[in-house]
Amino acid sequence: MAKIRYTYNQETCKYEPIIVTPKAFGRKAMRFLSVCFLIGLAGSIYFHFKYPFLDETLQLEENAQLKAEWQVLNRQFTRSAEQLTSLEKNDDHNYRIILDLDPLSPTQREAGVGGREKESAGISYPIIKYVYDKAEKIKNRLDIETQSMQQLKEELQKKQKMWASRPAIQPINNKDLKQLHTIFGMRMHPTLGYIRPHNGLDFTAPMGSPVYATGDAVVMYTGFSTYGNVIYLDHGFGFETRYAHLTRYIVEPGQMIKRGQIIGYVGNTGVSAGPHLHYEVHYKNVPINPINFFQRDLSNKEYEKLIELGSQSTTSLD
Ligand SMILES: [Zn+2]
């Protein structure tokens, strides 16, 4: 049987039983439940911070690991970008200058850098998007630099071929510099007896002395003319050399020739005042002074000495 509670009524001066209505009971129950809920919530929060759940602990550790790895990755990208910048500077300020190429403009360097940013648009994590965009920019810069290096390689091969082909040595052995008899310019003709242009250099040498190709070339022509036995070499890039008054030649048209290769021998054929080699350099079909094409043979001092010795005679050997 339920226990009955009483309360003292001052008006009637009697103890009367307490009657609990359903509504009052409901209010009491709600207050009790609210207090229990608040106590439970406070306890849960306290224990959550003091003793995190295992899954959450593992997740925190994993996040810390990911953060550390992200930082390593980011630093590596930064270092790669710095190394690439150094390579680009060397390319623009050294390699391209040496090879007579213009440096790439900033516009060319940045070409396509922003072109793939849309691919990262779907990445929701800003921190990942940041690294992704950074990697994309490096990759695009690397593509441009790779193309530049390819261009440098092709230009270098072209220059090497040009340097090998360009006339750059004396056509006979002239170590003491005394073989140069007459230089380029207006000279007295030995048989005609008047002054006229002398389109080459005359080197005196004993009959049969070897004559050397002054650069890599293809033999254009061999034959006989007023210059006696002659050889014409095509060096490409607009250059041609001619060797005249030979006693004989040992090459034939179409043959590939290397610089320093013997192509014939000194003679006295054609209109000639004595055994010598008449040597000409033509650029784009115009005779030019061969004295400027002995870079491989002469120092500056020797060059000046050669000109002095070659200027002493005013008569060509033709
Ligand atoms: Zn001559």
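Start at 1 and go down the list; that is how both ligands and their atoms are numbered.
Separation of the His245 and Tyr227 ring centroids falls under the 6.0 Å cut-off. Checked against the 6.0 Å centroid criterion, the rings of His198 and His278 qualify as a close aromatic pair. Checked against the 6.0 Å centroid criterion, the rings of Tyr232 and Tyr243 do not qualify as a close aromatic pair.
The Zn ion (ligand 1) sits nearest to atom OD1 when only the N, O or S atoms of Asp202 are considered. Within Asp318, the N, O or S atom at minimum distance from the Zn ion (ligand 1) carries the name O.
Expressed to the nearest 10°, the angle at the Zn ion (ligand 1) joining NE2 in His198 with ND1 in His278 is 110°.
Side-chain contact of Gln150 with Glu154: a donor-acceptor pair under 3.5 Å is present, judged by distance alone.
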